[in-house]
Each structure stands twice: as structure tokens, then as C-alpha cells.
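Numbering of residues begins at 1 and proceeds along the displayed sequence. Please read all numbers here as calculations on a predicted model, not as lab measurements. When a ligand or atom number is given, it counts from 1 through the structure's own listing order.
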Amino acid sequence: MGEGRILLLGGTGEARELAGELVSAGIPVVSSLAGRVRDPRLPVGDVRIGGFGGVDGLVAWLREHEISGVVDATHPFAQTMTDHAAAAAQRLGTPLLRLRRPPWEPDVDDSWQLVSDIGAAARTVGRLADTPDGLRVFLTTGRQDVAAFSDLADAWFLIRVVDPPTGALPPRHQILRSRGPYDLDRERDLMRDNGIDVLVTKNSGGELTRAKLTAAAELGIRVVMVQRPPEPAVGETVGTTSAAVDWVVSLST
Ligand code: NAP
């Protein structure tokens, strides 16, 4: 690894897990969080919080802190940070790895309507809401994506978020503040008690929040699934923290 440290771009459970493994292995690492969540679960080891100031800021930070490798373990939908990491790593020739949990794959009982981005999800819900009975939507895409649904007056939204949304909201909604993991019984009860017709989710992947998809399938609830954004061509991608540890160790050999 040379004499430098690893920058671990985080904000996910996988990033926290990887930070723990690298610290235990005695590998110098600094985790980075965007600073969006009020009370974040912090990884062990050194942590910095806040944006770098675009690609130029990140390049300067990598130089100043003598970073010898970058692991981008951000959420699969944190596209800007991922693109900035790729651009900065390419400019400096710094090795780059993405750690991405595998996306959810549909089970036989699942019936998902795949959409390319959050705008397409909102348009899909808008079309479905055009019914005399009204549409009841369970929105689990995160607080930054709620505003995309703010024009939809014909649907009612149950909006589940960690921190309250700050942007525009759809006129008819209820905010439910909670943080996963969620189990199947609770997800089934929540959707049934709220008379949910449609679940809107990003394809985040991971077991901690998959139960909502199983519950939706059991209850015959339609799922609007936002597909992941494309990944940059720079760097490699792995799906497990152990593969990421191997990659980091390989930098020094
Ligand atoms: P984003 O749109 O990809 O990034 C926007 C800006 O936020 C970046 O340009 C960067 O600012 C800053 N940033 C993002 N991640 C950072 C990090 N780990 N460390 C330092 N700065 C970071 O990001 P986002 O989608 O808002 O996600 C923000 C954070 O929440 C990420 O850490 C991500 O892993 C986590 N998260 C995101 C989602 C999601 O659905 N998007 C879900 C769960 C968790 P500068 O340009 O100033 O460097």
C-alpha cells in the first residue's frame, strides 16, 4: 500500500463493516461521510465529515492526505460522489475500488415495474393515480427524492424517511420516521394497515430492507423499482467487504 492511507467513502452499512475490518487489520483508513444524516452511525477509526468541494477539492484532499487507494462504498444511488471519485482517481492515477451490495433480483412472486430514474417513478405513479378510488403509495426512496412526487395531488403518500424531507412534499401525505432494518411481519402490517396500493423503492439491494418487497408480493402490491444509475468505467467493483479487504491488502503486495 506504500506509506499512504485508504480513503473509504461511506454512508452505508457495508462501509462501516469494511472500516471495522481494515482497522482490525491495522490498515490506515479514513472514512468519509457526506454529513446528510443528523445522527449518523459512525464507523470505527478516523472519520471526516462533509463534501470535498467537487472533483478539484477531492483531488487536493487526496494529495494532501497522501491517499494511496480509494474505496467507494457509497450507496449505489450516490452517483455524483461515485463519478467524482472516478474522475479524481483517474486524474491522480490512484487505485479505485467500488464496493457495491448486489442489487435485488425479483423472486417468482415479485412483479416489479422497472423505471430508469426517480422522475420516471413519479410519472409512473402519476399514471397509476389516475383512478376514481385514488392511489395509496408507500414511498421509500429517501428524503432527497420526495420532491419528485410533490405535484401528484391524486395520490396519498406514506413517506418513510430517516430525517424529515426539507423540499416540496406531495399535498396528501404522512411522514413516517424510522431507520431499518425492517422485518417481514412489521412491513406486512404497515402496508396492510395503510391500505397501500403501490410501493416505490430504489434498487438499493441488501437484506436489511428487502422485507418490504416480500411483503408487497404477499399482499399483491405493485412495486415501482428504480434501477441503479450506470457506473463509471474507471476502477473495479466488488460485492463483498471481504473482497474489498483483499483488494486493499493487494495494494501493498
Ligand atoms: P451524491 O448525490 O452522490 O453526492 C453529492 C455530494 O455530496 C458529492 O458531490 C459530495 O460533495 C458529497 N458527498 C456524497 N457522499 C460523500 C461522502 N461519502 N463523503 C464526502 N462527501 C460526500 O450523494 P447522496 O446520494 O446525496 O448521498 C450522500 C451520502 O448518503 C453518501 O455517503 C451515500 O453513501 C449516503 N446514502 C445515499 C443514499 C441515496 O439513496 N442516495 C442512501 C443511503 C445512504 P462534494 O462535491 O462537495 O465533494
Side-chain angles (χ1 to χ4, degrees), residues 5-19 29-43 45-65 67 70-89 91-92 94 96-101 103-104 115-119 121-122 139-149 159-163 165-167 177-182 200-210 212 224-232 235 237 241 244:
R5 292 195 284 175
I6 296 295
L7 172 64
L8 173 48
L9 298 168
T12 59
E14 289 78 7
R16 279 194 302 277
E17 193 181 313
L18 179 58
V29 58
V30 55
S31 293
S32 176
L33 302 177
R36 298 268 196 288
V37 179
R38 273 188 205 154
D39 178 23
R41 291 173 185 162
L42 291 176
D46 292 343
V47 178
R48 65 164 301 285
I49 297 181
F52 297 95
V55 178
D56 290 344
L58 179 56
V59 165
W61 195 95
L62 293 173
R63 277 206 185 104
E64 186 189 337
H65 293 84
I67 296 298
V70 176
V71 179
D72 170 4
T74 56
H75 189 272
F77 283 83
Q79 190 175 10
T80 305
M81 189 69 250
T82 289
D83 287 347
H84 288 184
R91 208 185 286 176
L92 293 173
T94 307
L96 170 68
L97 183 77
R98 276 175 297 279
L99 170 57
R100 289 286 182 270
R101 62 183 89 150
W104 292 314
V115 294
S116 57
D117 56 29
I118 204 74
L139 188 59
T140 64
T141 47
R143 76 184 167 123
Q144 296 187 92
D145 294 314
V146 174
F149 298 83
I159 301 172
R160 184 160 71 188
V161 280
V162 176
D163 289 327
T166 49
R177 286 187 65 185
S178 72
R179 183 151 39 190
Y182 303 103
V200 184
T201 178
K202 298 193 275 202
N203 194 338
S204 301
E207 285 311 307
L208 301 183
T209 55
R210 201 196 185 290
K212 63 187 173 187
V224 176
M225 178 70 71
V226 182
Q227 301 285 78
R228 292 184 176 191
E231 291 200 333
T237 301
T241 51

Item to check | Heavy atom of protein inside 4.0 Å of atom 46 (O) of ligand 1, strictly below | outcome: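 True for atom 46 (O) of ligand 1.
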Under 3.5 Å donor-acceptor, [X] side chain and [Y] backbone:
| X | Y | answer |
| --- | --- | --- |
| K202 | V226 | no |
| R5 | I67 | no |
| R98 | A73 | no |
| R101 | G205 | yes |

Checklist entry - Is there a side-chain contact between R210 and W104, using heavy atoms and a 4.5 Å cut-off? => result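 They are in contact (side-chain heavy atoms under 4.5 Å apart), so the answer is yes.
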Next on the checklist: Would you say that L7 contacts H65 through its side chain, given a criterion of any heavy-atom pair below 4.5 Å between the two side chains?
Outcome noted: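 No - every pair of side-chain heavy atoms lies 4.5 Å or more apart.
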Which heavy atom of the protein is the closest neighbour of [atom], given with residue, atom name and distance?
| atom | answer |
| --- | --- |
| atom 28 (C) of ligand 1 | A34 CB, 3.7 Å |
| atom 35 (C) of ligand 1 | G11 O, 3.7 Å |
| atom 27 (O) of ligand 1 | A78 CB, 3.9 Å |
| atom 48 (O) of ligand 1 | F52 N, 2.7 Å |
| atom 36 (N) of ligand 1 | H75 CB, 3.5 Å |
| atom 11 (O) of ligand 1 | G51 CA, 3.6 Å |
| atom 32 (O) of ligand 1 | G10 O, 2.7 Å |

First locate atom [atom1] of [X], then atom [atom2] of [Y], and finally report the distance between them rounded to the nearest 0.5 Å.
| X | Y | atom1 | atom2 | value |
| --- | --- | --- | --- | --- |
| L58 | L92 | CG | CG | 8.0 Å |
| L8 | E14 | CG | CD | 11.0 Å |
| R179 | R160 | CZ | CZ | 13.5 Å |
| L9 | F52 | CG | CZ | 5.5 Å |

Close-contact set for ligand 1 against [X] heavy atoms, below 4.0 Å:
| X | result |
| --- | --- |
| G54 | 45 (P), 46 (O), 47 (O), 48 (O) |
| F77 | 25 (O), 40 (O), 41 (N) |
| H84 | 9 (O), 46 (O) |

Checklist entry - Does some non-hydrogen atom of G35 fall short of 4.0 Å from ligand 1? => result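 Outside the 4.0 Å threshold, so no.
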Next on the checklist: Please determine whether any non-hydrogen atom of L58 lies less than 4.0 Å from an atom of ligand 1.
Outcome noted: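 Heavy atoms of L58 never come under 4.0 Å of ligand 1.
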Item to check | Best match, Q79, R48, R36: closest heavy atom to atom 5 (C) of ligand 1 | outcome: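 The option holding the nearest heavy atom is R36.
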Checklist entry - Which is closest to atom 22 (C) of ligand 1 in terms of heavy atoms, K202, R143, M81, Q144? => result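 Among K202, R143, M81, Q144, the closest heavy atom to atom 22 (C) of ligand 1 comes from M81.
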Checklist entry - Are side-chain N/O atoms of T82 and R100 paired as donor and acceptor at under 3.5 Å? => result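 Yes - a donor-acceptor pair under 3.5 Å links their side chains.
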Checklist entry - Can you check whether S32 has an N/O within less than 3.5 Å of an N/O in ligand 1? => result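 Min N/O separation from ligand 1 is below 3.5 Å for S32.
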Next on the checklist: Would A73 count as being in polar contact with ligand 1, using the rule that some N or O on each side must be under 3.5 angstrom apart?
Outcome noted: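 Between A73 and ligand 1 (N or O atoms, distance only) the closest approach is not under 3.5 Å.
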Item to check | Contact partition for L33 relative to ligand 1, non-hydrogen atoms under 4.0 Å | outcome: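 The backbone, only.
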